Amino acid sequence: MEEVDFNKIAAKWQKKWEEKKIFKVKVDSKKKKYYCLEMYPYPSGQGLHMGHVRNYAMGDSYARYKRMRGFNVLYPMGYDAFGMPAENAAIKNKINPRKWTEDNMALMKSQQKLLGLSYDWDRELASCNPEYYKWNQWIFLKLLERGLAYKKKSPVNWCEDCGTVLANEQVEDGACWRCKNPVSEKELEQWFFKITNYADELLKGLDDVKDWAERVKTMQRNWIGKSEGTEIFFPIEKSKEAIPAFTTRPDTVFSVTFIALAPEHPLVEKVTKGTKYEKEAKKFVEKVKRESVIDRINEEKEKEGFFTGKYAINPASGERIQIWIANFAVMDYGTGAVMCDAHDKRDFRFAKKYDIPLKVVIKPANVKKFRVEDLKEAHTDDGIMINSDQFNGMHNRKALPKISAWLVKNNKGKKVVNFKLRDWLISRQRYWGTPIPVINCKKCGIVGIPEKDLPVKLPPPEKVKFTGEGNPLESSEEFVNVKCPKCKSAATRETDTMDTFVDSSWYFFRYCSPKEDKKPFDDEVEYWMPVDQYIGGIEHAILHLLYARFFTKALRDIGLTTVDEPFSNLLNQGMVLKDGMVMSKSKGNIVDPREIIDKYGADTARLFILFVALPEKEFEWSDKGAEGSYRLLKRVYYLATEKPKYKKTVDNKDKHILSKTHQTIKQVTESYEELKPSVAIGKIIELVNHIYKYREASVNKKVYEEAVKNLTLLIAPFAPHLAEEVWEKLGNKKMVSLESWPEYDQSRIDKEAEFADELVHNVLSDVEKIIELAGIKEPKKITLIIAADWKYTLLKTLVTAMKDTRDTKAVIGTCMDERKVKAYAKYAVKIIQALLKDNSKIPKILLEEKKELESYKAAIETIEKEYGTKAEIISEKETENAKAKQALPGKPAIVVE
RNA sequence: GAGGGGAUAACGAAGUGGUCAAACGUGAUGGGUUUAGGACCCAUUGGCUUAGUGCCUUCCGGGGUUCGAAUCCUCGUCCCCUCACCA
């Protein structure tokens, strides 16, 4: 086999594709659209890693496939170009962050081009360009108008030494990642998006996106964390105030013997003020607050509490209950106050630890005497209500809504729906992001920048100071000191920038009309959106996908689109491992895609990475495996370029290879549709193996060419460069990328017929033996009862069993679904005709009655039409009778009369 | 604690009721080709066997449903992931 220079081939075709701009698309209402999208990458400076290659190999092959199927395919690429690493490079190495980012993008793009990805590069975007982030600002202002963007005080991770806010990821073991000093929480004014307004819709929408992996949907559901419950008011003793506490288990209200307040709870101070507990309480709160950041990672944190000395009243039982401050209560969830009882594990242990009285209200149904003193652990099972006045004797799950209603009726509580989802904190005290387009005016307050003044551009990096302390934007007086757009008096510009998740929450809309300069995007989105196939890492299962869904709904409400859900199908690709670990620099186990491309070419890299595992699964990288894919490509090249010996005639071998070819088209197409490229490639390899064997002897030219032609088309989405080259060598003028996907011809797929022949042959020889044994000269009548879903091997067994009987009736089983019923009926007819040595006789076919009756109806029609025979459905009982007659318990048999 | 996903031959990995001793690839063994190596080609790769063929034991373990189970149900074991003081 001659050496093929795959890199040369790749370069040749990449150039041709680019020159002819064959992947450029525009709206075409006559064609069906298909929007295939990969999560746009962050240009990190390392260039592409294997994860990227996997992502793009997946997306590109799918985009190419859909294109060949006649879709108008939108397949764009861009860059998530804002973010911390650029700024850190500026701080550490005094590098211009814009240049740093642009260089990285250029590097990344050059590598993407080497892979031969079929993007419409005219739609490329980068979030750090003013033409893009202008619309971040525009959208922000729209959200501000609608009250969906707002400012409020919020605790942030604060490093006193560096004088800056830290992202959660920058807090390592409770200390600043840079200076290693402890991080504290600080209340700062922050910008938020009101994603909670959409909590319910975001939750419901998950039911509409059917083709998302269940685990992703579950993760989002958990994150949104809807729970319906009751907020119960616990009046504070000798006070007019009450403590509201959220619960999903109001049935335990009579059991509540103490309340736990979060340390941050505003009532903590009120309750303890002026008492002897005040000092101690403060100490405790301080301690917990400090720990909250540090111990976040700690798994089994000791539950700690502090008694405030105050009491509240249980609104159900009227009993006095203690008010505690406890570290397990979080201000963030519910009301920040937990009603605690004997039916919760954590509460129970806490009460035991601090010797707080407990009371049970639910007992097991079969226990008479149930006392709290006897319990070692909380009783968390369902049971019968006790100690609960009028609710005694009820099952607790039945009592639950009744108690809730009773509390509401008596103004002791209200029904509430609680979400875990918090509003989205979008402000960052950073330079390299979209400036939040508002001005803080002493007179007018927060004033949005007028639309005509957008974009608010970042000052050039030379004009700001990257010291690593504070927000660099604050160092630019030019940027900060402005006039209020309303009252024209001196004001200051907001220096916070936006979270980069804002950029990525709508970029897929922008791709639809990337040049639009009056709006974020125009009506073309109505043609292209939603994204039909979105591909990216599982790490974005919650945040990015949730934010993007939120943005879509918000943009819809602004009136920019009618789309509700942005991504119809979602594929979360698995990770690429090496030596059982994630590839990373620190572990030193990186396989650079460039090496693979240099050595074997882009097609091999793409093919292997798709072949080695299903896209969702993680897989172990192996160089040897890549060689296998390389071999396959060489074999395909060989098949197409080295002619076999030709002959004029067509024999069974030719028929068989045609059958195999069409079968492969069918299987590969199905596997593509199911997003199983590894299976598709497996089938292609099988075809290649078959063609190899087939061409050992001389072959029919037409048949051979058809096989190779289809093979080339099938492999084109995976190995596009090779396919183009081979396609050209086969004498085609049009590029294979522009060709249509092959259609399979069902009539050519005669595997079933082959099977039938074999079946008939085998049964004949066996039945002949039986007839001989039974001493029958000429069988006169044969009935076939197609009873269940039997396969040939069983049939054989029956035939064998028949050797011991003198009876003369035949019973053959078949199958459940229509296709199989038909197939088996066909064999049955053939067998009987052959046995009777009379092709004119049409046997009667009986089908056993089963639950799946419907699926038989079509089969019966076909049988009747094709064989001119009567097909009947008989009851299972009759089959039983048939079985009984054969004296073969539990197993019917073939009987010849 | 809650939720999700897994376990298939030496390895990776297909296969979700019958054409299943289980695709495909690696690896291994034998043979061919080659000056040698490499590359390439062919065969074998659970066991026992035949001229095709056939039989037996297999898809983490136990039990079940079925004429029939790698596939469905059930109980268990082990592994992975996500969220988690959520009231």
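Keep in mind that this is a model prediction, so the values were computed, not measured. The chains referred to below are lettered A, B, ... by the order of the sequence lines, with proteins before strands, and numbering in each begins at 1.
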Interatomic distance at C1', rA9(B) relative to rA21(B), whole Å: 10 Å
Sugar-phosphate only, base, or nothing, as touched by Leu614(A) at under 4.0 Å among non-hydrogen atoms: sugar-phosphate
Parallel, tilted or perpendicular, as decided by the 30° and 60° cut-offs, for the rings of Phe350(A) and Tyr354(A): tilted
Integer angstrom distance from the C1' of rG12(B) to that of rA23(B): 14 Å
Touch class at under 4.0 angstrom, heavy-atom based, for Val679(A) against every strand present: sugar-phosphate
Arg349(A) side chain near rC85(B) phosphate (N/O to OP1/OP2, under 4.0 Å): no
Distance between P atoms of rG25(B) and rG76(B) (Å, rounded): 40 Å
Chi-angle category of rG62(B) [syn within 90° of 0, anti beyond]: anti
Among Ile665(A), Leu687(A), Ile691(A), the one residue meeting side chain to side chain contact (heavy atoms under 4.5 Å, CB included) with Lys660(A): Leu687(A)
Among rC83(B), rA43(B), rG4(B), the one nearest Thr218(A) by side-chain distance: rG4(B)
Residues Ser404(A) and Thr230(A): side-chain donor-acceptor under 3.5 angstrom: yes
Integer angstrom distance from the P of rG6(B) to that of rU71(B): 14 Å
Given rA87(B), rC83(B), rG3(B), the nucleotide with the shortest approach to the side chain of Phe246(A): rA87(B)
Between rU45(B) and rA22(B) - P atom distance, rounded Å: 10 Å
Rounded interatomic separation in angstrom, taking CZ from Phe350(A) and P from rA87(B): 18 Å
Reading 5' to 3' through nucleotides 24-32 of chain B, protein heavy-atom contacts under 4.0 Å coded B for base, S for sugar-phosphate only, - for none: BSSS-----
Minimum-distance nucleotide to Lys420(A) side chain [options: rC86(B), rA14(B), rG12(B)]: rC86(B)
Whole angstrom value for the distance that separates P of rA14(B) from CD1 of Ile684(A): 17 Å
Interatomic distance at C1', rG54(B) relative to rC59(B), whole Å: 23 Å
side-chain N/O Lys676(A) vs rG15(B) OP1/OP2, d < 4.0 Å: yes
Sugar-phosphate, base or nothing in reach of Ser227(A), heavy atoms under 4.0 Å: nothing
Side-chain N,O (Lys634(A)) to OP1/OP2 (rC41(B)) below 4.0 Å: no
Rounded C1' spacing from rU49(B) to rU44(B) in Å: 16 Å
First encountered from the 5' end of RNA chain B, between Glu696(A) and Thr335(A): Glu696(A)
Sugar-phosphate, base or nothing in reach of Ala541(A), heavy atoms under 4.0 Å: nothing
C1' gap between rG64(B) and rA13(B), integer Å: 30 Å
Side-chain donor-acceptor contact under 3.5 Å, Ser227(A) with Tyr333(A): yes
Stacked cation flag Arg606(A) on Phe718(A), 6.0 angstrom / 45 deg: no
Proximity to the side chain of Lys617(A) - top-ranked nucleotide from rG15(B), rA14(B), rC42(B): rA14(B)
rC85(B) OP1/OP2 closer than 4.0 Å to side-chain N/O of Tyr333(A): no
Geometric class of the Trp424(A)/Tyr547(A) ring pair [parallel <30°, tilted 30-60°, perpendicular >60°]: parallel
